[in-house]
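One structure is given here, and the rest of the page talks about it.
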Amino acid sequence: MNDIYLYNTLSRKKEKFIPIEEGKAGMYCCGPTVYNYAHIGNLRAYFFEDILKRILLYNGLQVKHVMNITDVGHLVSDADEGEDKMEKGARREGKTVWQIAEYFADEFMKDIKLLNILPPTLWCKATEHIEEQIKLIKCLEEKGFTYVTSDGVYYDTSKFRNYGELGRIDIEGLEEGKRISFSEEKRNKTDFSLWKFSPANRKRQMEWDSPWGKGFPGWHLECSAMSMKYLGDNFDIHCGGVDHIPVHHTNEIAQSEACTGRKFVNYWLHCEFLLEDKGKMSKSAGEFLKLKSLLDHGYSPLDFRYFLMMTHYRKKIMFSFDALDSARNGYRNLREKISEIKSKVTEKDIINDTNIRFFGRKFTDCINDDLNITEAVAVLWETIKDTNLNASEKLNLLTDFDKVLGLEFNTIPAGEVEYEIPDEIKLLAEKRKIAKSEKNYVRADELRRLINGKGYEIMDTKTGYEIKKIRNSI
RNA sequence: GGCGUCGUACCCAAGUGGCUUAAGGGAGCAGUCUGCAAAACUGUUAUGCAUCGGUUCGAAUCCGAUCGACGCCUCCA
């Protein structure tokens with residue numbers, strides 16, 4: 001097996017990936033909070049995770065990929081009066097929180113399917129793991145990491161050695177922060193809730209009994225509880241967006257390791273943001289771009305997928321429609337080249353293993369170097385343009401590369417599809433051919449315009465002409 | 001205020017000490033072909049990697065300063 005190097009946020013270095021169990025990889029990805037649609041920035045993270053997973057698979061590892069659905073209990077703000085996002089979303093849509101959760105989880109799954117993101121091995125919902133979460137709090141309570149305030153059960157971060165190691169958090173610096181609201185009852189700036197009590201004056205739609213009182217789990221708990229349940233106390237990879245580093249993942253580590261006394265996760269991988277000209281894309285600002293918004297503008301999901309491949313996952317991407325246009329053009333050109341290659345494949349082609357191995361090696365070297373997908377795409381283009389490889393060798397390689405890229409090369413038809421051209425268009429083309437042979441170019445050009453107007457393109461060749469549907473997508 | 005990231009051609013972007021006097025894509029331009037186009041093919045667009053210093057036999061790559069952009073410190077991918 002080839003070595004895979006991954007950038008570990010814990011060490012801030014690229015490290016060789018050594019799985020806990022040989023030949024296998026356990027991977028947990030923080031999934032969506034299903035109170036609204038995913039925006040295209042959210043989707044970038046799932047795309048990144050997909051590439052990571054595909055690379056592990058490509059290298060022959062058996063991957064167990066777990067993704068959670070957060071369908072409960074994140075407060076809108078840190079302040080006590082905050083209403084949680086789920087309940088807020090439900091009120092906005094005039095539905096129950098359960099309906100909201102189901103609807104948006106479903107929409108999310110549709111989005112990732114459109115983006116050709118492989119589904120996780122296992123989905124898990126926060127509301128279906130309340131028992132596991134309570135058990136984890138009990139464990140922390142027994143070990144003396146918790147305290148109870150008027151609004152919930154809290155985690156005492158001062159008790160945990162190395163708190164904030166992942167984010168290299170300067171807790172002193174935080175004290176000087178201006179924008180942080182500080183609950184009087186919290187013992188430390190960084191303490192966070194494990195269990196929140198339901199407000200006395202209002203019944204929540206989602207609440208459960210617990211040894212400490214009726215309420216709902218804190219926002220970091222579910223990921224600790226569920227990841228350990230399905231992947232074990234110590235597992236290989238945990239990923240998410242960079243925003244999770246300082247709080248969410250930091251707290252997950254604190255909770256999990258305090259309870260088990262073991263190292264929680266070996267490799268932490270984080271994906272950078274997608275930005276707009278206004279700055280970071282966010283839902284709270286109101287309007288935001290969804291995958292559907294892009295489709296409404298006439299882009300295909302894979303245009304967007306290709307767009308995401310133009311930048312390394314640890315770099316910010318500036319989204320603009322100009323940039324998306326350039327990606328779409330690139331992806332269309334790519335498909336046309338592949339279509340052409342497919343039409344050139346013959347049974348007489350001899351497959352030369354040395355040729356194949358050279359490009360295959362190059363490709364693997366890129367992807368295994370911390371997911372250098374951008375350079376891998378360059379290798380893809382080199383392969384397409386290479387003059388020594390024959391069509392079969394190229395197709396062989398491209399099909400292989402697509403296991404990682406996920407650009408659906410398999411759906412691309414070989415060359416022109418004759419029968420898709422309507423008789424009407426064929427007739428016009430024949431008329432034009434006659435006009436041309438009579439050197440009646442005015443008439444010929446007129447007919448060409450007519451054909452164009454009907455959505456087809458005519459191209460002269462040495463022997464005659466070719467008709468092609470004007471591309472929206474091949 | 002604290003922490004951190006980044007600045008490579010018209011645009012996106014790889015490369016992080018010699019293999020590169022800088023991949024790949026988009027866009028443009030020129031040529032071949034064509035009645036003219038389109039497509040295709042070929043060539044072309046950074047002696048330079050924000051700026052200024054320094055280290056080194058050698059730097060886009062290391063160090064320092066300056067300027068600029070952005071992110072985090074608050075739920076967030």
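Note on naming: letters A, B, ... go to the chains in the order of the sequence lines (proteins, then strands), and numbering restarts at 1 for each one. Keep in mind that what you see is a predicted model, and the values were worked out from it rather than measured.
- Spacing of C1' atoms, B:U34 relative to B:U44, comes out at 22 Å, to the nearest Å.
- RNA chain B is contacted by both A:Gly167 and A:Leu334; A:Gly167 maps to the nucleotide lying nearer its 5′ end (nearest heavy atom per residue).
- Between A:Lys433 and A:Asp460 there is no salt bridge, since no side-chain nitrogen of the basic residue lies less than 4.0 Å from a carboxylate oxygen of the acidic one.
- The CG atom of A:Leu302 sits 17 Å away from the C1' atom of B:G25 (whole-angstrom rounding).
- For the pair A:Phe319 CZ and B:G71 P, the computed distance is 17 Å after rounding to whole Å.
- For B:A27, the OP1/OP2 oxygens have a side-chain nitrogen or oxygen of A:Asn329 closer than 4.0 Å.
- The residues A:Asp3 and A:Lys16 are annotated as salt-bridged, a charged nitrogen and a carboxylate oxygen being separated by less than 4.0 angstrom.
- Not a single ring-ring contact (aromatic ring centres under 6.0 Å, His included) links A:Phe160 to another residue, sequence neighbours left out.
- Of the C1' atoms belonging to B:U42 and B:C33, the separation is 12 Å, rounded to the nearest Å.
- Judged by Watson-Crick or G-U wobble contacts below 3.5 Å, the nucleotide B:U44 has B:G28 as its partner.
- At whole-Å resolution of the value, NE2 in A:His248 and P in B:C72 are 17 Å apart.
- Pairing partner, B:U61: none, since no Watson-Crick or wobble contact has both distances short of 3.5 Å.
- For B:G7 and B:A46, the C1' atoms lie 15 Å apart once the distance is rounded to whole Å.
- Atom CZ in A:Arg332 sits roughly 14 Å away from atom P in B:A40 (whole-Å rounding).
- Residue A:Lys385 has a polar side-chain atom (N or O) positioned under 4.0 Å from OP1 or OP2 of B:G25.
- Nucleotide B:U5 forms a pair with B:A69, judged by Watson-Crick or G-U wobble geometry with both contacts under 3.5 Å.
- Rounded to a whole angstrom, the distance from the P atom of B:C67 to that of B:U51 is 16 Å.
- Taking the C1' atoms as reference points, B:C12 lies 11 Å from B:A27, given to the whole Å.
- Salt bridge A:Glu340/A:Lys337: absent, no basic N to carboxylate O contact under 4.0 Å.
- B:U16 is unpaired under the criterion used here, namely a Watson-Crick or G-U wobble arrangement in which both key atom distances are under 3.5 Å.
- Aromatic rings of A:His249 and A:Trp268 (six-membered ring for Trp) have centroids within the 6.0 Å cut-off, being under it.
- Comparing the C1' positions of B:G17 and B:G25 gives an interatomic distance of 28 Å, to the nearest angstrom.
- B:G43 and B:G54 are spaced 41 Å apart, taking the C1' atom of each and rounding to whole Å.
- Atom CG of A:Asp325 and atom P of B:G28 are 12 Å apart (whole Å).
- Here B:A77 sits opposite no nucleotide as a Watson-Crick or G-U wobble pair (both hydrogen-bonding atom distances under 3.5 Å).
- Residue contacts shown for A:Glu382 are limited to sugar-phosphate atoms, with no base heavy atom under 4.0 Å away.
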Distances for protein N or O near nucleotides 33-38 of chain B N or O, under 3.5 Å:
{"unit_1": "B:G35", "atom_1": "O6", "unit_2": "A:Arg432", "atom_2": "NH2", "d": "3.3"}
{"unit_1": "B:G35", "atom_1": "N1", "unit_2": "A:Asp445", "atom_2": "OD1", "d": "3.0"}
{"unit_1": "B:G35", "atom_1": "N2", "unit_2": "A:Asp445", "atom_2": "OD2", "d": "2.9"}
{"unit_1": "B:C36", "atom_1": "O2", "unit_2": "A:Arg448", "atom_2": "NH2", "d": "2.7"}
{"unit_1": "B:C36", "atom_1": "N3", "unit_2": "A:Arg448", "atom_2": "NH1", "d": "3.0"}
{"unit_1": "B:C36", "atom_1": "N3", "unit_2": "A:Arg448", "atom_2": "NH2", "d": "3.2"}
{"unit_1": "B:C36", "atom_1": "N4", "unit_2": "A:Asp460", "atom_2": "OD2", "d": "2.8"}
{"unit_1": "B:A37", "atom_1": "N6", "unit_2": "A:Asp460", "atom_2": "N", "d": "3.4"}
{"unit_1": "B:A37", "atom_1": "N1", "unit_2": "A:Asp460", "atom_2": "N", "d": "3.2"}
{"unit_1": "B:A37", "atom_1": "N3", "unit_2": "A:Arg448", "atom_2": "NH1", "d": "3.0"}
{"unit_1": "B:A38", "atom_1": "O2'", "unit_2": "A:Glu457", "atom_2": "OE2", "d": "3.1"}
{"unit_1": "B:A38", "atom_1": "N1", "unit_2": "A:Asp460", "atom_2": "O", "d": "3.4"}

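- Closest contact between the side chain of A:Tyr46 and the listed nucleotides B:A27, B:A77, B:G71 involves B:A77.
- Remark: the separation of the P atoms in B:C63 and B:U56 is 16 Å, to the nearest Å.
- At a threshold of 4.0 Å, the pair A:Asp50-A:Arg54 counts as salt-bridged, since one of the basic side-chain nitrogens sits closer than that to a carboxylate oxygen.
- Under 4.0 Å is where a charged nitrogen must lie from a carboxylate oxygen, and between A:Lys315 and A:Glu272 no such pair does.
- Pairing of B:A37, defined by two Watson-Crick or G-U wobble distances under 3.5 Å, is not identified with any nucleotide.
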Per-nucleotide protein contact along nucleotides 12-17 of chain B, 5' to 3', at a 4.0 Å heavy-atom cut-off (B base, S sugar-phosphate only, - neither), is SSSS--
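- Between the CD1 atom of A:Ile245 and the P atom of B:U5 there is a distance of 11 Å, rounded to whole Å.
- Between A:Lys14 and A:Asp370 there is no salt bridge, since no side-chain nitrogen of the basic residue lies less than 4.0 Å from a carboxylate oxygen of the acidic one.
- Figure legend. B:U55 is base-paired to no nucleotide; pairs are counted as Watson-Crick or G-U wobble with both atom distances under 3.5 Å.
- Annotation: the span from A:Ile55 atom CD1 to A:Asn2 atom CG amounts to 12.0 Å, rounded to 0.5 Å.
- Put simply, CG on A:Asn333 is 11 Å from C1' on B:A27, counting in whole angstrom units.
- Between the CG atom of A:Asp322 and the P atom of B:G28 there is a distance of 13 Å, rounded to whole Å.
- A salt bridge links A:Asp325 with A:Arg328; the closest basic N to acidic carboxylate O contact falls under 4.0 Å.
- For NZ of A:Lys344, the number of neighbouring non-hydrogen atoms (other residues, nucleotides, ligands) closer than 6.0 Å is 12 at most.
- Ring geometry for A:Tyr28 against A:His238 counts as tilted: the plane angle lies between 30° and 60°, on a 0 to 90° scale.
- Between A:Tyr331 and A:Lys337, the residue whose closest nucleotide on RNA chain B is further toward the 5' end is A:Tyr331.
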